[in-house]
Amino acid sequence: QVQVVESGGGLVQAGGSLTLSCTTSGLTFASYAMGWFRQAPGKEREGVSCIIWSGTMTYYTDSVKGRFTISRDNAKNTLYLQMNSLKPEDTAMYYCAADSGAYRSCSGSWSNRFGNWGQGTQVTVSS
């Protein structure tokens, strides 16, 4: 059974930084693309960033480009999201998830393929 645990969220002032982490078990982590998603109250969940199994290709939604950096440590089965220059509109519950198939790219409608959701970690950015 795949388990996903996110951590690192918190309350931060606008312009601040946070680093989210996601650890997994029950999954051959190094074989799967991983993604970060977020859901704000009253809004649909959106795919924020994706990184392929090797870490050599990434994707960012336009609103976080240049501010967020996704990375992974396959030896530690851990995914990261470094978030800089945070804005109030970044406030949301953040989730990580794994691709449903191995060795896929972060292209097209990648976010529709992901599952095995964790409980999420709350990020709140005050103005």
Subject >> Test log, rule side chain to side chain contact (heavy atoms under 4.5 Å, CB included), inputs Tyr94 and Gln39 >> reply: CA-CA 7 Å; Tyr94 283 71; Gln39 187 167 21; over 6 Å; no
**OP:** Might you work through the side chain to side chain contact (heavy atoms under 4.5 Å, CB included) test for Ser7 and Leu20, ending with a clear yes or no?
**Re:** CA-CA 6 Å; Ser7 62; Leu20 306 184; over 6 Å; no
Original post:
Step by step, would you call Thr19 with Gln82 a side chain to side chain donor-acceptor pair (under 3.5 Å)?
Top reply: CA-CA 4 Å; Thr19 299; Gln82 173 68 43; 2.4 Å; yes
Original post:
When you look at Phe29 and Val2, which way does the side chain to side chain contact (heavy atoms under 4.5 Å, CB included) test go after all the steps?
Top reply: CA-CA 10 Å; Phe29 182 82; Val2 177; over 6 Å; no
**OP:** Start with the C-alpha gap between Lys65 and Asp62, add the side-chain angles, then the distance that decides, and say whether salt bridge (Lys or Arg N to Asp or Glu O under 4.0 Å) holds.
**Re:** CA-CA 5 Å; Lys65 284 180 181 177; Asp62 286 345; 3.0 Å; yes
Original post:
Run the side chain to side chain donor-acceptor pair (under 3.5 Å) check on Ser17 and Asn84 step by step: do they pass?
Top reply: CA-CA 4 Å; Ser17 298; Asn84 298 327; 2.9 Å; yes
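Residues passing the salt bridge (charged side-chain N to carboxylate O under 4.0 Å, His left out) test with Arg72, sequence neighbours excluded: none. Annotation: ring-ring contact (aromatic ring centres under 6.0 Å, His included) contacts of Phe37 (sequence neighbours excluded): Trp110, Phe114, Trp117.
Put simply, the side chain of Glu6 gets close to the backbone of Gln119: a donor and an acceptor are under 3.5 Å apart. The backbone N or O of Ala92 lies less than 3.5 Å from no partner atom in the side chain of Arg38, so there is not a single donor-acceptor pair. Panel note: side chain Thr91, backbone Glu89; no donor-acceptor pair is recorded below 3.5 Å.
Between Ser111 and Gly47, the shortest heavy-atom contact is CB-CA, 4.4 Å. Across Leu79 and Ser71, no two heavy atoms sit closer than the pair CD1-O, 3.3 Å.
Val125 and Met83 fall within the same hydrophobic cluster, where Ile, Leu, Val, Met, Phe, Trp and Tyr residues are linked whenever their side-chain heavy atoms come under 4.5 Å apart, directly or through other members. Under a hydrophobic-cluster definition in which Ile, Leu, Val, Met, Phe, Trp and Tyr are linked whenever side-chain heavy atoms come within less than 4.5 Å, directly or via other members, Tyr95 and Met34 are assigned to different clusters. Hydrophobic clustering (side-chain heavy atoms under 4.5 Å, transitive across Ile, Leu, Val, Met, Phe, Trp, Tyr) groups Leu81 together with Val12.
No side-chain heavy atom of Tyr59 sits under 4.5 Å from any side-chain heavy atom of Ile51. Put simply, the side chain of Arg67 reaches to within 4.5 Å of the side chain of Asp90, judged on heavy atoms. With contacts defined as side-chain heavy-atom distances shorter than 4.5 Å, the pair Leu18/Val123 qualifies.
The closest side-chain donor-acceptor pair between Thr78 and Asp73, if any, does not fall under 3.5 angstrom. If you check the side chains of Thr61 and Ser63, you find no donor sitting under 3.5 Å from an acceptor.
Cluster partners of Trp53 are Ile52, Met57, Tyr103, counting Ile, Leu, Val, Met, Phe, Trp and Tyr whose side-chain heavy atoms approach within less than 4.5 Å, directly or via other members.
Separation of atoms CG (Asn116) and CD (Gln1) is listed at 9.0 Å; rounding is to 0.5 Å. Here the SG-CG distance, from Cys50 to Asp99, works out to 7.0 Å after rounding to the nearest 0.5 Å. The CD1 atom of Ile70 lies 6.5 Å from the OH atom of Tyr60; values are rounded to the nearest 0.5 Å. One distance of note links CH2 of Trp36 with OG1 of Thr121; it measures 7.5 Å at 0.5 Å rounding.
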